[in-house]
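One structure is given here, and the rest of the page talks about it.
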Amino acid sequence: MPNNLPQNKSIALAEAMKNRILILDGAMGTMIQEFKFEEQDYRGERFKDWHVLIKGNNDLLSLTKPNVIRDIHSQFLAAGADIIETNTFNATTISMDDYEMASLSREINIESAKLARAVCDEFTAQNPNKPRYVAGVLGPTSKTCSISPDVNDPGYRNITFDKLVAAYVESTLALIEGGADLILIETIFDTLNAKAASYAVEEAFEQADVTLPVMISGTITDASGRTLSGQTTEAFYNSIRHIKPISIGLNCALGPDLLRQYVVELSRVCETFTSVHPNAGLPNEFGEYDLEADEMAKEIIDWGKEGYINIVGGCCGTTPAHIKAFADGLEHVAPRPLPELDVRMRLAGLEACNLN
């Protein structure tokens, strides 16, 4: 029999977004970097003899430093986050293969979801009027279906659609098993990768006999206003709207000032809820992010007051202080109402093509 609990949570999540702006958490990677872990910290006892270097494999810390990951989740929830993301951005078999750890993908996804689930349940028990949700994260992987990594061979691809689907199915099933409330396909730079992920998520739902809400979040890579695979915001939206996710959004790459015009555009064309989690500005010469919580919150709060957003959080460089500033500033700001758009044929290549 289908599991009815996720359906109830799906309804509760949608109702919550009609009543208030929900707060997503901030940057797991930024918080991990503050610990300045070295190779031995990533390895722990279990992987002390691993045959390749694994420093930087943040997802592995769910196994070797679970208390650290749990504490980071707790900090974001204490700051006011309604939704926290599992520590699984690079936990697909494809990305884990960079460390020759593809065989650990399923375990990492399960344990990461369990960590987030336990902390969310604790905070929900403390305040049942503010339920907390676990977003099982599917990152973009280090491969791309649409672009050749070899400038001398434009037709070459280093991954196939089917391989992406297989990896995403495994991760999604593991996230469901670990207790995720919803699935977040995020930091999409290649729409074809996103299509593989969304197809895989539906396949996983069928196998698990359960359906969870799905959030999709793309990345505008620079001031050109396009994804890495070349699509404008509206073209990206047209390409994935048939998936009918609970929200479509933008994250990473840009700070809130540069991202604003694309947030406005997404709000205009999107018939479902919108989400945004930008970086804390652009990285400086040391690769660090300088936009402080109060500075960033001014832009974020203005987005809310202008009626552009339903879910907002932070990406690279954002900390619990940023999330608290967003949560406090948006507490009494109404969420973006869902628009009623004309029925049109909405197509996309690199540009949107909307036909009457």
Side-chain angles (χ1 to χ4, degrees), residues 24 26-30 85 89-90 92 94-95 98 137-151 154 156-159 161 164 184-198 215-241 243 245 247-270 274-291 296 299-300 303 308-309 311-318 348-352:
L24 189 65
M28 173 64 73
T30 295
E85 304 167 67
F89 185 81
N90 288 307
T92 57
I94 293 167
S95 293
D98 292 343
V137 169
L138 299 176
T141 82
S142 53
K143 312 289 186 181
T144 171
C145 260
S146 296
I147 304 171
S148 173
D150 184 353
V151 295
Y156 173 70
R157 299 291 184 271
N158 59 6
I159 194 69
F161 187 90
L164 278 170
L184 170 57
I185 304 170
E186 70 159 316
T187 321
I188 298 162
F189 56 81
D190 182 343
T191 307
L192 192 54
N193 282 37
K195 286 178 176 286
S198 59
M215 295 174 62
I216 295 180
S217 184
T219 295
I220 301 298
T221 55
D222 54 38
S224 70
R226 295 176 182 270
T227 63
L228 188 63
S229 53
Q231 286 192 306
T232 64
T233 302
E234 185 173 8
F236 169 71
Y237 169 75
N238 283 2
S239 296
I240 60 173
R241 61 188 292 269
I243 298 166
S247 71
I248 296 177
L250 299 171
N251 77 285
C252 203
L254 304 176
D257 53 343
L258 297 177
L259 194 61
R260 183 186 180 101
Q261 60 183 306
Y262 311 115
V263 174
V264 173
E265 178 71 358
L266 182 65
S267 177
R268 180 184 68 82
V269 303
C270 185
T274 59
S275 73
V276 191
H277 51 298
N279 288 352
L282 294 175
N284 60 29
E285 60 271 24
F286 301 107
E288 298 172 344
Y289 297 85
D290 298 325
L291 199 59
M296 192 171 178
E299 185 80 45
I300 299 297
W303 290 354
Y308 300 146
I309 52 176
I311 304 172
V312 68
C315 205
C316 303
T318 57
L350 298 183
E351 310 278 346

Practice item. Can you measure from OG (Ser146) to CZ (Arg157) and round to the nearest 0.5 angstrom? Key: 6.5 Å
Point to revise | Non-hydrogen side-chain atoms of Glu186 and Val137 separated by less than 4.5 Å | key: yes
Check your understanding: If you measure from CG on Asn193 to OG on Ser229, what distance do you get to the nearest 0.5 Å?
Key -> 8.0 Å
Check your understanding: Is there side-chain contact between Met215 and Pro245, with heavy atoms separated by less than 4.5 Å?
Key -> no
Point to revise | Heavy-atom side-chain contact between Phe236 and Ile220 under 4.5 Å | key: no
Check your understanding: If you look at every heavy atom in Ala352 and Thr232, which pair is closest and at what distance?
Key -> N-OG1, 4.3 Å
Exercise for review: Carefully, step by step, assess Tyr262 and Val264 under the rule side chain to side chain contact (heavy atoms under 4.5 Å, CB included).
Suggested key: CA-CA 5 Å; Tyr262 311 115; Val264 173; over 6 Å; no
Point to revise | Minimum side-chain heavy-atom gap Leu228-Thr219 below 4.5 Å | key: no
Review point. Do the non-hydrogen side-chain atoms of Ser198 and Ile240 ever get within less than 4.5 Å of each other?
Key: no
Review point. Going by heavy atoms in the side chains, are Thr221 and Arg226 under 4.5 Å from each other?
Key: no
Exercise for review: Check the pair Trp303, Arg260 against side chain to side chain contact (heavy atoms under 4.5 Å, CB included), reporting the backbone distance first and the verdict last.
Suggested key: CA-CA 8 Å; Trp303 290 354; Arg260 183 186 180 101; 3.4 Å; yes
Practice item. Show the numbers, then the answer: is there a side chain to side chain contact (heavy atoms under 4.5 Å, CB included) between Tyr308 and Thr274? Key: CA-CA 8 Å; Tyr308 300 146; Thr274 59; 5.9 Å; no
Check your understanding: From Glu85 CD over to Leu138 CG, what is the distance, rounded to the nearest 0.5 angstrom?
Key -> 11.5 Å
Review point. How many angstroms lie between atom CD1 of Ile159 and atom CG of Leu164, to the nearest 0.5 angstrom?
Key: 4.5 Å
Revision key, fill the gap. For Gly317 and Ala27 the tightest heavy-atom approach is N-CB, 3.9 Å
Check your understanding: Where do Lys143 and Ile94 come nearest, in terms of heavy atoms and distance?
Key -> CG-CG2, 3.5 Å
Review point. Quick one: CG on Asn279 to CG on Asn251, what's the gap to the nearest 0.5 Å?
Key: 8.0 Å
Point to revise | Atom of Leu254, atom of Pro278 and distance for their closest heavy-atom approach | key: O-CB, 3.7 Å
**Study point:** Thr233 and Glu265: side chain donor to acceptor below 3.5 Å
**Key:** no
Point to revise | Backbone of Val263 reached by a side-chain donor or acceptor of Ser267 within 3.5 Å | key: no
Revision key, fill the gap. Test side chain to side chain contact (heavy atoms under 4.5 Å, CB included), reference Ile248, set Ser217, Cys270, Ser275, output is Cys270
Check your understanding: Between Glu234 and Arg241, is there a side-chain N and carboxylate O pair less than 4.0 Å apart?
Key -> no
Point to revise | Step-by-step side-chain hydrogen bond (donor to acceptor under 3.5 Å, both in side chains) determination, Asp190 to Thr227 | key: CA-CA 7 Å; Asp190 182 343; Thr227 63; over 6 Å; no
Practice item. Answer yes or no: is there a donor N or O on one side and an acceptor on the other, between the side chain of Ser95 and the main chain of Thr92, under 3.5 Å? Key: no
Study note, to complete from the structure: Minimal heavy-atom distance between Ile311 and Ser247, with the atoms involved, is CD1-OG, 4.1 Å
Practice item. Determine, stepwise, if the pair Tyr156 / Val151 fulfils side chain to side chain contact (heavy atoms under 4.5 Å, CB included). Key: CA-CA 9 Å; Tyr156 173 70; Val151 295; over 6 Å; no
**Study point:** Where Leu282 and Ala253 come nearest, the two heavy atoms and their spacing
**Key:** CD2-O, 3.5 Å
Check your understanding: Is it true that the side chains of Asp222 and Ser224 contain a donor and an acceptor less than 3.5 Å apart?
Key -> yes
Exercise for review: Answer whether the closest heavy-atom distance between the side chains of Glu288 and Pro283 falls below 4.5 Å.
Suggested key: no
Review point. In Å and rounded to the nearest 0.5 Å, what is the CD1 to CD1 distance from Ile300 to Ile309?
Key: 6.0 Å
